[in-house]
Amino acid sequence: MDEKLKVISATKADAERVFKLSNDDEVRRNSINTKKIEWHSHLEWFSKAIESSDCAYFIAEYDGEFCGQIRFNLENGEWVTSISVANSFRGRHIGSAILKSAISKLPSKRIIAYVKSRNAASLKMFSSCGFSVRSELLIGGEPYKLLKYGK
């Protein structure tokens, strides 16, 4: 699988496919902000994200087909990650491969993720990549697990 997977830096040309994936029903359901995203606000946000030195933004392609995106925002010395996998690739362990590849591109391995407690697939994926639960918290009244990479 790894030979066919490419994880590369996102560019402005990726805005539309990231927008479509970001508005996927399952992606919205598992995001902190569950509301649909408007195109104009996405374009503004996406442009800032890919140009920021505090953001590492990657898109993933499998055998030339867009299969996901992963973003790391630098906050207080730690990378906060968010990952989305395209519907047609879910359940195929592609998320783990994307996450591992993207982590290898970061200058620091201090990484955290916030995952909804009910999102068993994401919790399993992060665990398989070396993340462990460090605490539980409520965000917007919903239970989340704070995951940290490594020890």
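Fair warning: this is a prediction, and the values are worked out from it, not measured in the lab. As a basis for the values below, the full set of heavy atoms in this structure was taken, side chains included, without hydrogen atoms, waters or symmetry mates.
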Residues at least two apart in sequence or cross-chain that pass salt bridge (charged side-chain N to carboxylate O under 4.0 Å, His left out) with Lys12, listed by chain then number, are Glu51

Sequence neighbours excluded, the answer for side chain to side chain donor-acceptor pair (under 3.5 Å) partners of Glu136 is Lys145

Sorted by chain and number, sequence neighbours left out, side-chain contact (heavy atoms from CB on, under 4.5 Å) with Lys20 holds for Glu16

The complete set of ring pair (Phe, Tyr, Trp, His ring centres under 6.0 Å) pairs with one or both residues in residues 99-130, sequence neighbours excluded, reads Phe126-Phe131

Applying salt bridge (charged side-chain N to carboxylate O under 4.0 Å, His left out) to Asp63 and not counting sequence neighbours gives none

Applied to residues 11-43, the ring pair (Phe, Tyr, Trp, His ring centres under 6.0 Å) test, sequence neighbours excluded, yields Phe19-Trp39, Phe19-His42, Trp39-His42, His42-Phe46

Distance-only donor-acceptor hits, side chain of residues 77-86, under 3.5 Å, sequence neighbours excluded:
residue : atom : partner : partner atom : Å
Glu78   : OE2  : Lys148  : NZ           : 3.3
Thr81   : OG1  : Arg71   : O            : 3.1
Ser84   : OG   : Gln69   : NE2          : 3.0

Sequence neighbours excluded, the answer for side-chain contact (heavy atoms from CB on, under 4.5 Å) partners of Ser52 is Asp54, Cys55

Hits for side chain to side chain donor-acceptor pair (under 3.5 Å) against Glu65, two or more places apart or cross-chain, chain-then-number order -> none

For Lys105, the side chain to side chain donor-acceptor pair (under 3.5 Å) test, sequence neighbours excluded, returns none

In short, salt bridge (charged side-chain N to carboxylate O under 4.0 Å, His left out) pairs touching residues 117-132 with sequence neighbours left out are Arg118-Glu142

Contacts of Lys35 meeting side chain to side chain donor-acceptor pair (under 3.5 Å) (sequence neighbours excluded), chain-then-number -> none

